[in-house]
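Working notes, structure below.
Naming: A, B, ... by sequence-line order, numbering from 1 per chain. These values consider heavy atoms only, across backbone and side chains, with no hydrogens, waters or symmetry-generated copies.
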Number of protein chains: 2
Amino acid sequence: MGTTQLQAAPEPKYWHLKTVLSEALDSEFAVGEILPNERDLAARFGVARATLRQALEQLELEGRLQRRRGVGTTVAPPRVGVAVAATGQDRPGAGSDAWQAVDCAPGAAPAPVAALLDSAPGAQVHVVRRTRVSHGQPVAAELLYVPGSSVPGLGDAEAPCGASRARAVLRELRRLGLDGEDRSVELGSARAEDAKELDRLPGAPVLVVTTRYLSRGATVAVSVATYRADTCRLTFGDTGGVEFDRSLHAQAS
Amino acid sequence: MGTTQLQAAPEPKYWHLKTVLSEALDSEFAVGEILPNERDLAARFGVARATLRQALEQLELEGRLQRRRGVGTTVAPPRVGVAVAATGQDRPGAGSDAWQAVDCAPGAAPAPVAALLDSAPGAQVHVVRRTRVSHGQPVAAELLYVPGSSVPGLGDAEAPCGASRARAVLRELRRLGLDGEDRSVELGSARAEDAKELDRLPGAPVLVVTTRYLSRGATVAVSVATYRADTCRLTFGDTGGVEFDRSLHAQAS
DNA sequence: GAGTGGTCTAGACCACGGC
DNA sequence: CCGTGGTCTAGACCACTCA
C-alpha cells in the first residue's frame, strides 16, 4: 500500500528537541546567556511554539533553564545545594545562607499539620513565617506552626505580630531543647502566596519539606517549608560533611 | 467604549479549574474512581482540552490524580511514605517494602558520579541496578556505582552480570562497614530507561536521591535513585520514628 | 511601544489498553 | 475495534519588562 510510514521511531518531537537543546546548552551556551526567543527557536526547529515550549518546560524543570516573562529564557546556573540540616532553628547562617523571620500571626493549623501536632484540626497556633536566602536568591518560604502550649512564655494575645514576635517564638522554642526531628520531602506546586516570595509563578514546582520537631518525645512544632525545585538541591549531611555541597552537576575537567 | 472587560481577575483559567477540580476530588470522588474523559470534562467546563489538561497536569504533579493512556484518569491514593533510611544497603525490607537487585554490569560512571567518587570521568565501575517496590507498586529505580577498588573480593571480569552478581557486590560492600552517608534530593525527569521500570512515561517527574556511601572517610560507592514524584513522599527518620509515615495528607476526622 | 514569555483555542492525528 | 490520554499545529490575545 502507499503508506509511507517508514519512520520506526515514534519518539515525541519535544523529547528529541529537549535532547538537542540540552546538548547545545552544554556546548554552545554560557551560564546566564539568553537564548533566542520562543518564536524564533520554534521556527528554527520547524515545530509549533507549543511543542518547543514543551521541551523548554522540561529543561526548566530540570534546572537547566530559567524563563522570565517580559525578559527571555536564560541558561540557569547549576543547582545550589541547600542544607536541610540539624536543628535548623534560625541557627547562625553560614555566611549568606540563613533563615529570616518575617512575621508571626495567630491562626488555625490546616488539617494535615494539626494531625502531626496531635491536636484538633481547628486549634489555634502561632504561625511564624520565615524566608531563606542563598547566594542572594530566595530559595525557600516556610510556615512554622507552634501551638501556644509549646511556648507558654508568651502571652497568647494577638499582640505584636511582627518579625520581632516571630523571633521571640523561635527563641522560646529553642529554649525547650529539641531532641530530634522527623522530616519528609515531596513534590508540590507553589501556592500563589509562596510563589510571590520565591519570585516564581503560582504553580511552579517546589520541594515541600515537612518537619516535625520533638522535645522529650512530644511534637512541639511543625514546619512546612517550600523550596524552589528549579534552583535547589536539598542536602542531608548525615556525617556533617560539607564537601558534598559542591561538585554535583559540575562539569568534569 | 464597548469593551465589556469587567472582570478584574486575570487569574488563569487553568488555575481556577484546578481549584474547582481539587475541591470536587475531595468531596465527590473516592480513591480509584475514574473521572470523565478529558473531552467531556473540557466541554463541561467550557474550555479547550489543552486548558483542561493544564489543570490535570498540575493535579497529577501534586499526586492527586493518575492518568494512563488508553485507560483514563483516576483519583490517586495519598502519597506513600518511603523511608530513605540508614544504611539502605538491601537491609531486610519491612514487609513488602524493599530493594530488589536486578542486575550488575561493568560500565563507566557518568561525569557527576565520577566527581563524587573522586575518580576519573571514564573510570570503570560496577553498575548495580536495583528496584524498590512499596505496597505492590514500583516506586524507585536505582543505579549504584561501585568502583572495583571498593570490592576487591570480586574478579573484575565481566562474568555473570546477573542478579546474583549484583547481590555479591552488595554483600562485599556491606562487609566494608559503612560509616555514614551524604545525601541530596532534587527534582528531575525520568530517563526513558527509568520510566519503563517505574511504569511511567519518559520525562515524568522524579525525585532524584544521590547518596555517597563512606567507609573510613573514603567514598566507596555512589547511588543515584529516582523515586516517582507523583506517588512518593520521602521520609527521613532522624529519630527512628515510624509514626510520621502515616497521617500526612490524611483527612482529619 | 516593542518584545518577551504565559495563556487559550479548535481542531487533528497517534499510541495504547481493553473489549 | 473503540475510547482513552499523548502529541502536535497555527493561529490569537494577554501580562509583563524594559528602553
**Study point:** Residues that A:Thr131 engages under side chain to side chain contact (heavy atoms under 4.5 Å, CB included), provided they are two or more places apart
**Key:** A:Val102, A:Val133, A:Glu197
**Study point:** Between D:dG6 (C1') and A:Glu11 (CD): distance, integer Å
**Key:** 15 Å
Exercise for review: Taking salt bridge (Lys or Arg N to Asp or Glu O under 4.0 Å) as the test, write out the residues that go with A:Arg49, two or more places apart.
Suggested key: A:Glu38
Practice item. Measure the acute angle between the ring planes of B:Phe236 and A:Phe236, then classify it against the limits of 30° and 60° as parallel, tilted or perpendicular. Key: parallel
Every protein N/O within reach of nucleotides 3-5 of chain D N/O, cut-off under 3.5 Å:
{"from": "D:dG3", "atom 1": "N2", "to": "B:Gly70", "atom 2": "O", "distance (Å)": "3.3"}
{"from": "D:dT4", "atom 1": "OP1", "to": "B:Asn37", "atom 2": "ND2", "distance (Å)": "2.7"}
{"from": "D:dT4", "atom 1": "OP2", "to": "B:Asn37", "atom 2": "ND2", "distance (Å)": "3.0"}
{"from": "D:dT4", "atom 1": "O2", "to": "B:Gly70", "atom 2": "N", "distance (Å)": "3.1"}
{"from": "D:dG5", "atom 1": "OP1", "to": "B:Thr73", "atom 2": "N", "distance (Å)": "3.4"}
{"from": "D:dG5", "atom 1": "OP1", "to": "B:Thr73", "atom 2": "OG1", "distance (Å)": "3.1"}
{"from": "D:dG5", "atom 1": "OP2", "to": "B:Glu38", "atom 2": "N", "distance (Å)": "2.9"}
{"from": "D:dG5", "atom 1": "N7", "to": "B:Arg39", "atom 2": "NH1", "distance (Å)": "3.1"}
{"from": "D:dG5", "atom 1": "O6", "to": "B:Arg39", "atom 2": "NH2", "distance (Å)": "3.0"}

Check your understanding: How many Å lie between CG on A:Leu41 and P on C:dG6, as a whole number?
Key -> 13 Å
Review point. Atom CG of B:Leu65 and atom P of D:dG6: how far apart are they, to the nearest Å?
Key: 11 Å
Review point. Does a nitrogen or oxygen in the side chain of B:Thr51 sit under 4.0 Å from OP1 or OP2 of C:dT9?
Key: yes
Exercise for review: Considering just the side-chain nitrogens and oxygens of A:Tyr14, establish if one lies under 4.0 Å of OP1 or OP2 belonging to D:dC8.
Suggested key: no
Check your understanding: For B:Asp103, which residues count as a side chain to side chain contact (heavy atoms under 4.5 Å, CB included) partner, sequence neighbours excluded?
Key -> B:Arg129
Point to revise | Rounded interatomic separation in angstrom, taking CD from B:Gln54 and C1' from D:dT7 | key: 15 Å
Review point. Is it true that a side-chain atom of B:Arg79 and a backbone atom of A:Leu187 form a donor plus acceptor pair closer than 3.5 Å?
Key: yes
Exercise for review: Check the distance between D:dT7's P and A:Leu52's CG and give it to me in whole angstrom.
Suggested key: 15 Å
Check your understanding: Which whole-number value in Å describes the distance from A:Trp15 CH2 to C:dC14 C1'?
Key -> 18 Å
Study note, to complete from the structure: When rounded to whole Å, the CG to C1' distance for the pair B:Leu201 and C:dG17 reads 13 Å
**Study point:** Under the side chain to side chain contact (heavy atoms under 4.5 Å, CB included) test, residues paired with A:Thr226 that sit two or more places apart
**Key:** A:Ala141, A:Asp194, A:Leu198, A:Val206, A:Val208
Review point. For the helix from C:dG1-D:dC18 to C:dG18-D:dC1, how many degrees between its two end axes (five pairs per end), to the nearest 10°?
Key: 20°
Check your understanding: Where the side chain of B:Arg64 meets the backbone of B:Ser22, is there a donor-acceptor pair that is under 3.5 Å apart?
Key -> yes
Review point. Does the side-chain contact (heavy atoms from CB on, under 4.5 Å) test come out yes or no for B:Tyr227 and B:Arg132, once each step is laid out?
Key: CA-CA 9 Å; B:Tyr227 287 80; B:Arg132 186 169 183 176; 3.1 Å; yes
**Study point:** Minimum heavy-atom distance between B:Ala109 and B:Ala114, given as atom pair plus value
**Key:** CB-N, 4.2 Å
Exercise for review: Round to a whole Å and report the spacing from CG of A:Leu56 to C1' of D:dT7.
Suggested key: 16 Å
Study note, to complete from the structure: Which of D:dC8, D:dT9, C:dC8 is nearest the side chain of B:Pro12? It is C:dC8
